[in-house]
Each structure stands twice: as C-alpha cells, then as structure tokens.
Amino acid sequence: MPDIAELAITEIGRRGDGLAALDGAQVFVPRTVPGDRVRARISGTPEDGLRGEIVELLEAGPWRAAPPCPYFETCGSCQLQHIGEDAYRSWKENLARVAFARAGIKPETWLPPVFVSRATRRRATFAAFKRHKELRLGYRRRRSHDIIDIPECMVVTPALQAFADRARSFLHRVLSDSRPADIFVQDVDGAVDVTITGPVGTRKAPGLAEREAFAEMADALDLARISWRMKDRSEPEIMIARKPVLKRCGDLAVPLSPLAFLQPSAEGEAALVAAVLRGLPSHGRFVDLFAGSGTFAGPILARGRVSAIEGEAGPVAALQRAGAGNGHLQAVRRDLFRDPLGAREFAAFNAAVIDPPRAGARAQAAELAASGVERVVSVSCNPATFARDAALLMEGGYHFVEARMIDQFLWSAHVELVGVFSRVQPD
C-alpha cells in the first residue's frame, strides 16, 4: 500500500468522512466531498480500515465550500463545515433514508426536516491547558490530544461564549500547571452550570485558594453552580451553588445534578417535543421509556397520566422531587436493557414514547412489538439502531406512520429522528 496516493472521492460516509477506493480497498478521507481529487497520506490497513489525510487538493468537487469558521482546519469539533449548505442538508436527510432502506422499512409520510441555527448549542466541553503564564481554552486538535485556543465558537450559545471569554483569568488561578482539564458548561434555562474535570492547584483536591477562586468566578460570571472531579466517571463534588439549576419540562421544574443530560439545544428540544406530541393522542395513559430528566414526560402530563421509566437513579430522583404532589406522574427506576417492560405490562397504557441511547433498545422494541399499545413514538440519535428497532415494531404489526429528521448537531455526522407507529392504519 503506497504512503501517498491520488484518490477520487465518490461519496460521504455515514460518519462524515469522504470515501474513495484504493487497490480494491475503501479509504476514509476526512474533510472531503464527492468529486474531490486529492493527494493523501495513507495509514492503517485494509483489514482495520484505511485512512487518508489530505496532502494536496487537486480538484474541488461541486459540494465543496469555504468553511465559515477560521479554526475549522485545525479544530477537532466540527466535521462538515467544508460542505455547501444545500448539500449538507441533503446529506443529513439522506442519512435516515439510507438506514431505512437497508432495514427494508419506509414511513408512509416524511415530514419536513428541522435544522437548528448557529450559536444554539447550550452544552459544551471546553479543553483547557495551563503552562506558566499561558492558558489555552478551546478544543482538541483534530485526531490529537493537543489543545488549540479558540477565541470564538460559532456553535455555542452567547452564554457559553461569554463564559469562555471571561473565565480565563479564574481558570488560570485554579488549574494545575502543564496538566490538561475539561471544562463542561451547560446553560439550563439561563442558569449556567460548570463542571471541571482534572487536577487543580498543587493538590489532589481543591484547597482554600482554589475554593476562593471558584467562589469569585461564580460571582463575577453569575454562574449557578461550579463542581469538580479529578477524572472522568468520578462523582462531581459541588464547590459552590449560588442558585438552583432547574430544567423546565412542561409544567415541571426538574432539579438537575452536575453533568445531567440535556438536549444540546433549546431549539432542537422544542422540535423534538413538538414531534413527539404530534404523534401522541390528545389524552390517555402514557409510558415514557428511557425518560431521563423528563424532557417528554413533563409536556405529556398535560394530556394524562405518565409513567416515566429510567435506569439512572439521579434523573428518577429529580423527577420524583419535581412531580411531588402531582398524582399524574409516576417516576420509576428500572434498567430497560436488562429488564424491559414486558408485552403484558403495556396493557396499562395506550401510548408509549421510547428514547434510548445510541445503541437502541432491541429487547424493549421486541416487547413493544408484541404488545397492544395503540401508538408508539420512537426517538433516536442513531438512524441505524432506530431502523433496526422500527423494523421489529413493523414485524409486530405496527404501521410506520411518519418520520421527521431534526438536525441539532450542527456540522456533525449526527441527526435526531422521531418516528410515529400505529396499530391502526391511518386514513
């Protein structure tokens, strides 16, 4: 296999890389579009996958456009700014269509897609690195652990950008020298919540100086809460909490713990909720599977009783506190991967919402397929597992009534899907 090869890009794969053929093997080439001819440096093996890095662009394909962000070529966050807007939107829509075709399914109606705007992402993880008097705050370089300074990000909300602009001097006082850290920032209905992962100061845990800096940062930047943990998967310790971090879900005000999941954008969440409500009956008994912190359960309460089922203890406890005194909400902890609701248990409901992680929910979908639930609304951020689980529902007798694609992961290879399934053939 040559070290450098000339490649013709024929399409963009489902992960956002351009695809080309070389000696009968497929090569994945980031930041390319169909019609590009490039000289590329080849790495990997045909068995494990070949990758190409552009050395020279010989000819630009018709989809290629100038990236709007000056940091795109080095930043590792956005994948697809080099694609023209019309081509980008067409490719995103096609992700679902291709996945459905492979699974042998098709909705009776495709609803118009929804694309979120720039500067709407309300949760982000900034990478930070301090060395002596220098502090870099931004994102990791593409395919590297190096951190590059990004003074302005086109994706995040103004509140997150304001944090990045003003937090540098405080972070310089807090972070350990020559040790990288991650700064997770989330804008929860106007309350900015921050969790720092990584070593601080010269100790294994924040000392008095770091805690004073946290307090000053929270006051100066009007932050709701700052938490810290030494490494990923550790439980965050709250350093300072100035005001409640509450997520409005319908009429519920749900208290969120540090690092709690939130839909990436308010605009995208609103589109998802609207699509889910559109697919449900106007009143009834509902079950919300993989309910999280109540993104859908809260709004559905206006239509009847809701059983919100979730495997993580934190979100369940938060929903129970938010719904205390509301006799129409039941929040239950249950691992739906190991212990899915059985077909007979669905007899208590006439409609179900299912929003599993990227891996999908094959076992739960199979039980739904054997149930008598009149309506199922399926939400997913993975077209492949959505299609697999949808095929199970259709094998069980459901009609695939409609589907909608929602793109709230701007300039990435990810999309959200909402599908509506009915036991009754629509008119």
**Request:** Could you tell me whether Glu210 and Arg173 have a side-chain N and a carboxylate O separated by less than 4.0 Å?
**Result:** no

With a distance cut-off below 6.0 Å to the six-membered ring centre and an angular limit of 45° from the axis, does [X] pair with [Y] as a cation-pi contact?
X: Arg211; Y: Trp228; value: no
X: Arg375; Y: Phe421; value: no
X: Arg123; Y: Phe184; value: no

**Prompt:** Looking at side-chain heavy atoms only, is the closest gap between Gln161 and Cys153 below 4.5 Å?
**Reply:** yes

**Item:** His399 side chain reached by Met394 side chain, heavy atoms, under 4.5 Å
**Value:** no

**Prompt:** Aromatic rings His82 and Phe72: how do their planes relate, parallel, tilted or perpendicular, breaks at 30° and 60°?
**Reply:**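 Parallel.
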
Just distance, no hydrogens or angles: give the donor-acceptor pairs under 3.5 Å from side chains in residues 192-201, sequence neighbours left out.
from   : atom 1 : to     : atom 2 : distance (Å)
Asp193 : OD1    : Arg225 : NE     : 3.0
Asp193 : OD2    : Arg225 : NH2    : 2.8
Thr197 : OG1    : Arg229 : NE     : 2.8

**Considering all heavy atoms, the nearest Phe400-Gly419 contact** =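 Phe400 and Gly419 have their closest heavy atoms at CE2-CA, 4.0 Å.
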
**Request:** Return the minimal non-hydrogen interatomic distance between Leu319 and Ala308, and the atom names on each side.
**Result:** CD1-CB, 3.9 Å

**Asked** Is the number of heavy atoms from other residues, nucleotides or ligands within 6.0 Å of NZ (Lys243) greater than 12?
**Response**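 For Lys243, atom NZ is crowded (more than 12 foreign heavy atoms under 6.0 Å).
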
**Item:** Over 12 non-hydrogen atoms of neighbours within 6.0 angstrom of CZ in Arg334
**Value:** yes

**Results of ring pair (Phe, Tyr, Trp, His ring centres under 6.0 Å) for Phe386 - residues two or more places apart only** = Phe100

